[in-house]
Protein chains: 2
Amino acid sequence: MATQTQPRAGARIPLSRDRVLRAAVGVADEGGVESLTMRHLAEVLGVEAMSLYYHVANKDDVLDGIVDVVAEEINDAVSQIVVPSKGADWKKAVRERILSARHVLLRHPWAPGVLETRTNMSSAVVRYYDGLLGLLRDGGFSYDVAHHALHALGSRALGFTQELFDPDDNDAGDEAATAMLEQMADELPYLIGMMREVAHVDPDSTLGWCDDQVEFEFGLDLILDGLDRLRATS
Amino acid sequence: MATQTQPRAGARIPLSRDRVLRAAVGVADEGGVESLTMRHLAEVLGVEAMSLYYHVANKDDVLDGIVDVVAEEINDAVSQIVVPSKGADWKKAVRERILSARHVLLRHPWAPGVLETRTNMSSAVVRYYDGLLGLLRDGGFSYDVAHHALHALGSRALGFTQELFDPDDNDAGDEAATAMLEQMADELPYLIGMMREVAHVDPDSTLGWCDDQVEFEFGLDLILDGLDRLRATS
DNA sequence: ACCTGAACACCGTTCAAGT
DNA sequence: ACCTGAACACCGTTCAAGT
């Protein structure tokens, strides 16, 4: 009776950005993203659609938010993995991390598709990639090769295709992204390290430094060479 | 003056499914899929939105159609490639075909995203995969390994992620798809051959025979092994 | 045969107004 | 501080009606 200001026993917990996003993830899990409308989301929360706008900016903000929630869930899962990753062990460590991410994504099959449409990058996603890059470094890869490796893994790393750092030739976006990463520097030791090294080699470069065609061919040739070896041994 | 029934010089060519789809591709190329609304499409064609429904069933039909138009464009492009593909030459042949497909897709960057959302499979896309499978067969791969190879190429084969033959555990869909493929048998010698062989080994299987987890791990390990070899030689 | 106008059920979103 | 009602500009789509 003395808890907060609820006049009824109907568990009148107030809305919050967090509660909205959690409900949104639930709606998407249940009926797919196409069922995630502001009006439906409000209904699930027992509230009018317009009330949502007090806690989130707009629908895009909701989509950014649910991607972040899922990426956080992945980070929680992979953070519980404790396996050696130094030297030759890098492969098992990367394999386990990626399969663990996939396992989470299977519960949110809509997530990769939504992730592809985001222009704002999720800080949780960036942290995930930083961890992956760290494992590659543990394996002894140079930043340059590790960078190619992330591209080669591509959709397999997080269940989606689009190149994470492909800002569509948008230099303003590049700079904003770079600034954002610099701000998270202590959370992203490897990505920052990679950027610094690239900046050292090519001072004019920003996050948009990579050549999509080159990365595509690198990944393609890696697969074709692997298949060719399979062919030779069969 | 004697051509058809045009009362004016304004090039009053009548609407047709083909013209609608071509215009739709143009709209998407210009402003992205999000700009492709029935009303806007009609405006571009100088017609009322409702007129479109005489030539296409609905918007989904338009999306199916524009995917098919692009896939046809890819098929035209790759059909002009003439390189040997027997034996060890398979790799160069596959490489060239895939890079050629990518080249076309760069002109229609919205296409992979739309392709992912389609539940009806495009016959042009299926024909593309049949050709790719043919090249793998030329290289001496068994149907079984070639099948894994297609999965491993995944998004790189056509610029999109989602497994082509993953009918979401929909058995009815599987059967419909299988029937559709059988009907195109003379156009799809390799896919049909693959299906027949699988049916021989496992009579109960349909197109849904493949285990997503197994295919994912196959492709992942191919990449990780390739990277590990790179690590060893550097 | 081909196209249209009016209408319906849905979107996301704004804004002034309620408590 | 938090929520809402009415309203707006957009969707896809149906259906009866025009030529």
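Just so we're on the same page: letters track the sequence lines, and every chain starts at 1. Since this is a predicted model, take the numbers as computed values, not measurements.
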Interatomic distance where [atom1] belongs to [X] and [atom2] belongs to [N] [whole Å]:
X	N	atom1	atom2	result
B/Leu41	D/dC11	CG	P	12 Å
A/Tyr53	C/dC15	OH	C1'	13 Å
B/Arg17	C/dC2	CZ	C1'	17 Å
B/Asp60	D/dT13	CG	C1'	13 Å
B/Arg19	C/dC2	CZ	P	13 Å
A/Met38	D/dA7	CE	C1'	17 Å
A/Leu45	D/dC3	CG	C1'	13 Å
A/Lys59	D/dC11	NZ	C1'	12 Å

For B/Ala57 and B/His40, find the nucleotide of DNA chain D closest to each by heavy atoms; which residue's nucleotide sits nearer the 5' end?
B/His40
Looking at every non-hydrogen atom in both residues, tell me the closest pair between B/Ala157 and B/Tyr129 and how far apart they are.
CB-OH, 3.9 Å
Correct closest heavy-atom pair for A/Lys59 and A/Thr37 would be NZ-CA, 4.2 Å
Of the candidate nucleotides D/dC3, C/dT13, D/dC11, which contains the atom at the shortest distance from the side chain of B/Arg39?
D/dC11
Below 4.0 angstrom, N of the basic side chain to O of the carboxylate: do B/Asp64 and B/Arg118 qualify?
yes
Could you tell me whether A/Glu48 and A/Arg39 make a salt bridge, using a distance below 4.0 angstrom between a side-chain N and a carboxylate O?
no
Salt bridge (Lys or Arg N to Asp or Glu O under 4.0 Å), that's the test. Do B/Arg127 and B/Glu72 meet it? Break it down for me.
CA-CA 9 Å; B/Arg127 270 180 280 120; B/Glu72 211 70 79; 3.1 Å; yes
Hey, is the side chain of A/His55 poking within less than 4.0 Å of OP1 or OP2 on D/dC3, counting only N and O atoms?
yes
Counting Watson-Crick and G-U wobble pairs only, both distances under 3.5 Å, name the nucleotide matched with C/dT4, or none.
D/dA16
Side chain to side chain contact (heavy atoms under 4.5 Å, CB included) test vs A/Ser122 passes for just one of A/Val69, A/Val70, A/Ile66, A/Asp68, namely A/Asp68
Counting only N and O atoms by type, is there a donor-acceptor contact under 3.5 Å from the side chain of B/Asp61 to the main-chain atoms of B/Val56?
no
Restricting to nitrogen or oxygen on both sides, can you table the protein-nucleotides 4-6 of chain C pairs closer than 3.5 Å?
residue: C/dT4; atom: OP2; partner: B/Glu48; partner atom: N; Å: 2.9
residue: C/dT4; atom: OP2; partner: B/Ser51; partner atom: OG; Å: 2.4

